[in-house]
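A short worksheet on the structure shown next.
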Amino acid sequence: MHVRRFDDPAAYTQHVAPLLLRAPARHNLFLGLLDVLRRHPAIYPTFHLWAAESGEEVVGAVMQTPPHDVVLARPTAAGAVEALAAAVAGEGVLVPGVLGGVEDAQAFAQSWTARHGGAVNPG
């Protein structure tokens, strides 16, 4: 599994759309933030975008508009959440929390705290 970081919201949206559109209601925050990044870039001048890939397929995605929590898409492959958490951690990004499905968010938080310490506090 490989994790890529993107700097272009339009390219990222096109890349992760097949994953997000599998469950658009679940990913409404993710999709909405991507729309804002593309159409109104001044609102979030700083952002972070990552996609986990297995071969040519996007199997996970996470984004952040600091100082807010990271937003995690529903992964389609085992290990995607952990790979994304490792990539985010490797770039020194501050993660105050994670938004996503309960199991996925817990897996990200556990992976994160295993690297950085702290506690997982479901909200």
Task: Nearest non-hydrogen partners of Ala73 and Leu19, listed with the distance - done: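 Closest approach of Ala73 to Leu19: CB-CD2, 4.0 Å.
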Task: Closest approach of Arg26 to Gly101 (non-hydrogen atoms, all atoms of both residues) - done: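 Minimum heavy-atom separation between Arg26 and Gly101: NH2-CA, 2.9 Å.
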Task: Within one Ile-Leu-Val-Met-Phe-Trp-Tyr cluster: Leu29 and Val36, side-chain cutoff 4.5 Å - done: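 Leu29 and Val36: one cluster.
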Task: Cluster overlap Val58 with Phe47, hydrophobic side-chain contacts below 4.5 Å - done: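 Both belong to a single hydrophobic cluster.
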Do [X] and [Y] come close enough that some side-chain heavy atom pair is under 4.5 Å?
{"X": "Gln64", "Y": "Pro66", "result": "yes"}
{"X": "Leu20", "Y": "Leu34", "result": "yes"}
{"X": "Tyr44", "Y": "Leu33", "result": "yes"}
{"X": "Glu53", "Y": "Arg4", "result": "yes"}
{"X": "His48", "Y": "Met63", "result": "no"}
{"X": "Leu31", "Y": "Leu21", "result": "yes"}

Open item on the list: So, taking the atom named CG in Leu37 and the one named OG1 in Thr13, what distance separates them when rounded to the nearest 0.5 Å?
Closed with: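 One finds 7.5 Å between CG of Leu37 and OG1 of Thr13.
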Task: Distance (rounded to the nearest 0.5 Å) between Asp7 CG and Leu49 CG - done: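 Spacing of CG (Asp7) from CG (Leu49) equals 8.0 Å.
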TODO: Return the orientation label for the Phe108 and Trp112 ring planes: parallel under 30°, perpendicular over 60°, tilted otherwise.
DONE: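 Judged by the thresholds at 30° and 60°, the geometry between Phe108 and Trp112 is parallel.
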Task: Check: Ala107 main-chain N/O paired with Ser111 side-chain donor or acceptor under 3.5 Å - done: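 No, the answer is negative, given that no donor and acceptor are paired below the 3.5 Å cut-off.
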TODO: Apply ring-ring contact (aromatic ring centres under 6.0 Å, His included) to Phe6 and list each qualifying residue two or more places apart in sequence or on a separate chain.
DONE: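 Only Tyr12, His15 meet the ring-ring contact (aromatic ring centres under 6.0 Å, His included) criterion with Phe6.
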Open item on the list: Taking Arg22 first and then Glu57, would you say they form a salt bridge - that is, a charged N and a carboxylate O separated by under 4.0 Å?
Closed with: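 Salt bridge present between Arg22 and Glu57.
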- [ ] State whether Asp8 and Arg38 are salt-bridged, where the test is any N-O pair (Lys NZ or Arg NE/NH1/NH2 against Asp/Glu carboxylate O) under 4.0 Å.
- [x]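 Result for this pair is no, no salt bridge flagged.
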Pair up each side-chain donor or acceptor in residues 79-100 with any protein partner under 3.5 Å, not counting sequence neighbours, and list the distances.
residue : atom : partner : partner atom : Å
Glu91   : OE1  : Arg5    : NH1          : 2.0
Glu91   : OE2  : Trp50   : NE1          : 3.1

